[in-house]
Every structure is written in C-alpha cells, then in structure tokens.
Amino acid sequence: MKSLSLKCGVAALALMVAGAAHAGKSDDTLNVAFTKELENVDSYFNSSREGVVLQRAVWDGLVYRDPVTNEYKGNLATSWEWIDDLTLEFKLREGVKFHNGEEFDADDVVYTVNYVADEKNGAKTQRNVNWMKSAEKVDKYTVRISLKKPFPAAIEFLSGPVSIYPNEYYAEAGPTGMGLKPVGTGPYKVTEVEPGKHFVLEKYEGYHDSPKGQPKVGKIDIRTIPDVNTQMAELFSGSLDLIWQVPADQAGKLGAMEQFTVANESTMRIGYLTLDAAGRTGEKNPFTDVRVRRAVAHAVNREALVAALLKGKSKVISTACFPSQFGCFQDVANYEYDPEKAKALLAEAGYPDGFETDYYAYRDREYAEAISSFLNAVGIKTNFHMLQYSALRELRMKGGTPVSFQTWGSYSINDASAITSQFFKFGSLDDSRDEEVRDWLDVADSATDPEKRKEYYAKALTKIADQAYWVPMFSYNTNYVFTNEVSYTPTPDEVLRFVDMSWN
C-alpha cells in the first residue's frame, strides 16, 4: 500500500511541474528542508547532523580540512605548531569580525575553549572537547591550547566540531541565547530562528578570506518538514529547491524526471544496534549474555538491507567505526546471516522460545522495522518505539535501552576516536562498560606513535566485535535532490555545504 500510495502521489504531483515556478533563483533564496528537528542551534548543545550543517555555515574553526584533498588549512588561524606533546600554539588571522561586529582575537578562542572544555558547562558531545584542558592568550593574535594528555587527533577535531564563539556575546547570551540569535564568523549569518522549525541564513558580506570560499547564494531558508513525501510535494510545487537524505526509492523516481538532479554520495555515518551488555536496564536483561548478543548479530541479514533499502554507495560494516577512519581495524569477527545459528545460541543461553524486549529507534523507520522483523523471526519479540532523536538520546544517557538502532556520523572526523572512543569509554552512552576496552582506547587516543595507536584500536575493536557489544550494520549514503537551477556537488562527509552552492 505504501508503494502504491507513493507512485500515485508522484504521478499526481508530476502534473503540477509544468506550471511550477522555482522562486528560489528569482529572489536569490535557496529553500531547503530539514527532516529532523534541531533542538538548539548552538553547535555545542546539539549532536545532530542538521546541527553540523548549520555549524559549518555559521561558525568557523581555527583550522579547515579540505573535504576533497583532506589537507589542513588555516581558517581563523593562519598557522600552528606543537610546542610540546601537550601544547598547540596558533597564530590568528587579523581583521576578522563576527556577524555582530565584534572583533575576533585571542580572547574569543580562550573563552570558547575554556567554556566548552569545562564538563560542568554540559557540551552535549564531550568527546569533541574533553581532550582540551584550557587555552591561554599569548598576545592579541597568538593563543595556546593545552591538552589534558597527548591527543594526536587534535588538529582533526579543531578542523571540525570546535567552533570559535565571540567571547563578549557568549558570556552574556550563553547557549540559550546563542541558540536563538546565533553569532559566528562563518560565511552565513542567521537572521531568523523559530526553534526546531525554521531558520533563515543570509550571506555574510564581511566574510574573511577563508578556505571555505565565499558564499554565492544570498539567502538560505530552511524549514523542518519531517515527512519526505511532503518534502517531495513542495519540491514539485517549487517551494523547495533542495532536499537531502532522500530514501533510495523516492530518489530513483525523482531522478527519472528531467527537472531534478539527484546526487548520491557516500557518508561516514554507520548504522548499528547497541545492546545493553552492561545491564544498565537491569542485571538480568538478556543482552548481558554474550550468546544473546551474538544471536542478534547472526539474526540480521545486513547484505539484504543494503541491497533492498539503502542501495547507492552503502556497504556492510562489521566493526565499530567507519573504514576510512584512522585506526579503524577491519579484521574482526564477522557474523554471517544465519537465523538457525541465532536460534541455537538463544536456546543455549536459556531462551529456547525467545524473549520479549523493548526496541528503540529515532530515524529511518523502514530500516529499523526491517531489523525488527529479522529479530522477531528468530524469537526476539520486539516492542518497537520510535522516538525523537533528542528524547531517545536522553533516555539512553539516563538509564540506557535494552536494544536500539542508532547511527553516528562522527561529526565527519576521520579518526576512530570520534566514534569508538565516544561510545566505549564509560560515557553516558556506553552500553558495555568494559574496562579493558576503555583502557586500550585510552592508549590509542593518546599515543604519539601512529603504529601504537593502530595496535590499541585493533585490540579494542577486536574485543568489541568478539563480544558483540555493538552489531554494526551498514554505512549510509545520502541522496541529494535539487532543481536544475541549483549547482552543487556533495562531498563524502555528509556535510551539506551551502557555501559551495550556486545558481545555474
């Protein structure tokens, strides 16, 4: 019924196309849809992909990594050097101003780093900032960042999620004020925020000579539209110019129509099941037994999910990281699809008739339901709960969930510390609480010898797979659909870059 409904909907909407005027180009406004509600525009107080997209448009970091060449370039900093294993010194760019006219200098870097590095201030993704100890001003355009311990991935993190905020404004506004009236140095300034629903960005005419490049589109109008069929309807009618994260079947239909461009690109995001091995939801929950966790791994046909649902550039993943990331060891236990073996493992664990469990997800209902069907088929009867991302994250942070379908894009950081260490070092989202894994990751995260880092990531990832703490599923791809008046080439890091868009 769903497929028939979609076909009928597309056919009906196609009749509207001939007369539809794409208002975007005529008034230099690119109309974009977000699927997921963004809880707070302040980039340190959300952990969603939509937040990353706005972060890269509105704010800058000290360093920029070219998404094509992976070369590090100076952004708010013009140069940097390691003073020792625990100290980075940056020479800052002069003449940069924030959107509110505040001058950028060392005071802004010091205030931002010292604020977000303090765990009491509650940055949502601690892994992005908790490697920093503090920052100090050397002179107006020189600053030093001190690390808690050696952290070889520091430049990679400084090129991604560590944005610099205006010290005077942020001291007064705080995360709440920054979320309502964001102020950065980025290529776009925010002129309107309706929390969770509507964001308007305008080209920042005073943007500095950044490696991001200069913005070409005058205004970006973003609305939250959770339903993809509604997004498609608005794309047809001309009230949207670009949608993304479009499911493969819809993207294929749109790609057959001359007025749209469909671009498919790989991403660093992986989908996985996290299982309550630590007993956070109760010491006797079935997932504390490794045989049950391995049964789950054998129950799901990951190849079929990729072939039937994800398509594009997605692939099966067997380890708790993305293959391109530094330290992402691949030679780990791989659980082939074997439902009979899954049933035998459940029986061995004392569940010959299976058991019932709550099962959670926050996105991609079709994928989550398909996984649920595989689990049901071997006797793991799932009570499926679909929650908003922020609600499920808070539930997991406070008390955990027995099993949930999760995804993580690593903030597009090409280092295993951005995912494996995020979830396996006893943080609030660690469902395994394995001391040995934690200790190995501590070594991998801080060793200055690259080979030693690889060795200890391999130890941790091997045990994570052997114990089936996670059941990695697949990597994601993203379908971007836009009108032929829009020119855009996506990058494989899942960052929607408005600064790279222009009109044809």
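The analysis underlying the following values was restricted to heavy atoms, covering all of them including side chains, and did not include hydrogens, waters or symmetry mates. Along the sequence shown, residues carry numbers from 1.
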_Closest non-hydrogen atom pair between Gly279 and Asn285, with its separation_ = CA-ND2, 3.5 Å
*Under 3.5 Å, is there a donor-acceptor pair between the side chain of Arg291 and the main chain of Ala347?*
no
*With no hydrogens and no angle check, do the side chains of Asn477 and Glu265 hold a donor and an acceptor under 3.5 Å apart?*
no
_Quick one: does any side-chain atom of Asp289 pair with a main-chain N or O of Pro286 as donor and acceptor, under 3.5 Å?_
no
*Asp364 side-chain N/O to Glu366 backbone N/O, donor-acceptor pair under 3.5 Å*: no
*asked:* For Trp408 and Phe322, I'd like to know if the aromatic rings sit close, meaning centre-to-centre distance below 6.0 Å.
replied: no
*Between the side chain of Tyr488 and the main-chain N/O of Arg497, is any donor-acceptor distance below 3.5 Å?*
yes
*Is Glu455 salt-bridged to Lys452, cutoff N-O under 4.0 Å?*
no
*Do Arg302 and Glu336 meet the salt-bridge criterion of a basic N to acidic O distance under 4.0 Å?*
no
*Under a 4.5 Å cut-off applied to non-hydrogen side-chain atoms, are Leu92 and Thr78 in contact?*
no
*For the residue pair Tyr165 and Tyr44, categorise the inter-ring angle as parallel (less than 30°), tilted (30 to 60°) or perpendicular (more than 60°).*
perpendicular
*Is the backbone of Glu71 close enough, under 3.5 Å, to the side chain of Arg65 for a donor and an acceptor to pair up by distance?*
no
*asked:* Working to the nearest 0.5 angstrom, can you tell me the gap between Met473 CE and Ile371 CD1?
replied: 4.5 Å
*What is the ring orientation for Trp80 with Phe90, classed by angle as parallel under 30°, tilted 30 to 60°, or perpendicular over 60°?*
tilted
_Those residues that, when tested against Asp42, pass salt bridge (Lys or Arg N to Asp or Glu O under 4.0 Å) (two or more places apart)_ = none
*So how far is it from Glu348 CD to Lys341 NZ, rounded to the nearest 0.5 Å?*
10.5 Å
*May I ask you to decide if Gln245's main-chain N or O and Asn479's side chain share a donor-acceptor pair within less than 3.5 Å?*
no
_Rounded distance [0.5 Å steps], CD1 in Ile317 versus SG in Cys328_ = 7.0 Å
*Answer whether the closest heavy-atom distance between the side chains of Leu38 and Leu54 falls below 4.5 Å.*
yes
*Between Thr87 and Asp84, is there a donor-acceptor pair closer than 3.5 Å when you use the side chain of the first and the backbone of the second?*
no
*asked:* Check this for me: does any side-chain nitrogen of one of Lys425 and Asp430 sit under 4.0 Å from a carboxylate oxygen of the other?
replied: no
*Is the closest side-chain heavy-atom distance between Leu88 and Ile83 below 4.5 Å?*
no
*Does the separation of the ring centres of Tyr360 and Phe384 fall below 6.0 angstrom?*
no
_Member of Asp66, Asp500, Asp60, Asn75 meeting the side chain to side chain donor-acceptor pair (under 3.5 Å) criterion with Lys212_ = Asp60
*Calculate, to the nearest 0.5 Å, the distance between atoms CD and CG belonging to Glu119 and Asn130 respectively.*
7.5 Å
*asked:* Once you measure the plane-to-plane angle for Trp470 and Tyr272, does it fall in the parallel (<30°), tilted (30-60°) or perpendicular (>60°) bin?
replied: parallel
*Give a yes or no on whether the ring-centroid distance for Tyr480 and Phe482 is below 6.0 angstrom.*
no
*Using 4.0 Å as the upper bound for N to carboxylate O, is an ion pair formed by Asp353 and Lys343?*
no
_Phe426 six-ring centre to Arg438 NZ/CZ under 6.0 Å and within 45° of normal_ = yes
_Within the 6.0 Å centroid threshold, strictly below: Phe329 and Tyr457_ = no
*asked:* Can you tell me how far apart CE (Met178) and OG (Ser163) are? Round to the nearest 0.5 Å.
replied: 9.5 Å
*How about Leu305 and Phe374: do any of their side-chain heavy atoms sit closer than 4.5 Å?*
yes
_Please determine whether a side-chain nitrogen of the Lys or Arg among Arg127 and Asp445 lies less than 4.0 Å from a carboxylate oxygen of the Asp or Glu._
yes
_Distance, nearest 0.5 Å, that separates OG of Ser417 from CG of Asp442_ = 12.0 Å
*Flag side-chain contact, heavy atom, 4.5 Å: Gln467 against Arg294*: yes
*Is Lys124 salt-bridged to Glu394, going by a charged N under 4.0 Å from an acidic O?*
yes
_Between Thr401 and Asp358, a side-chain donor and acceptor under 3.5 Å_ = no
*Could you tell me whether Asp431 and Arg396 make a salt bridge, using a distance below 4.0 angstrom between a side-chain N and a carboxylate O?*
yes
*Minimum heavy-atom separation for Asn128 to Ile413, with atom names?*
OD1-CD1, 4.1 Å
*asked:* Checking Asp276 against Thr288 for the side chain to side chain donor-acceptor pair (under 3.5 Å) test, could you report, in this order, the C-alpha distance in whole Å, the side-chain angles of both residues, the deciding distance, and whether it holds?
replied: CA-CA 6 Å; Asp276 184 18; Thr288 58; over 6 Å; no
*Does the side chain to side chain contact (heavy atoms under 4.5 Å, CB included) test come out yes or no for Val296 and Arg293, once each step is laid out?*
CA-CA 5 Å; Val296 171; Arg293 299 195 299 271; 5.7 Å; no
*For the side chain of Lys315 and the backbone of Phe474, is there at least one donor-acceptor N/O pair under 3.5 Å apart?*
no
*For the residue pair Gly409 and Arg49, what are the closest heavy atoms and their distance?*
O-NH2, 3.4 Å
*Can you check salt bridge (charged side-chain N to carboxylate O under 4.0 Å, His left out) on Lys149 and Asp85, steps first, answer last?*
CA-CA 8 Å; Lys149 55 187 176 182; Asp85 286 350; over 6 Å; no
_Determine whether a donor-acceptor pair (N or O, by modelled atom type, separation under 3.5 Å) exists between the side chain of Glu89 and the backbone of Trp82._
no
_Applying side chain to side chain donor-acceptor pair (under 3.5 Å) to Gln388 and Ser390, what does each step give before you reach the verdict?_
CA-CA 6 Å; Gln388 290 285 341; Ser390 57; 5.8 Å; no
*For Ala458 and Thr462, work out which heavy atoms get closest and say how close.*
O-OG1, 2.7 Å
*Between Tyr411 and Arg269, is there a cation-pi geometry (under 6.0 Å to ring centre, at most 45° from the normal)?*
no
*For Ser134 and Ser146, indicate whether the former's side chain and the latter's backbone hold a donor-acceptor pair under 3.5 Å.*
no
*asked:* Under a 3.5 Å cutoff, is there a donor and acceptor pairing between the side chains of Glu494 and Ser412?
replied: no
*asked:* Regarding Ser372 and Thr382, do their side chains bring together a donor and an acceptor under 3.5 Å, going by distance alone?
replied: yes
*asked:* Which label fits Phe424 and Tyr469: parallel for a plane angle under 30°, tilted from 30 to 60°, or perpendicular past 60°?
replied: tilted
*How far apart are the closest heavy atoms of Leu441 and Ala460, and which atoms are they?*
CD2-CB, 3.7 Å
*With the side chain counted from C-beta on, respond yes when Val403 and Thr357 share a heavy-atom pair under 4.5 Å apart, and no when they do not.*
yes
*Between Leu147 and Ala154, which heavy-atom pair has the shortest distance, and what is it?*
CD2-CB, 4.4 Å
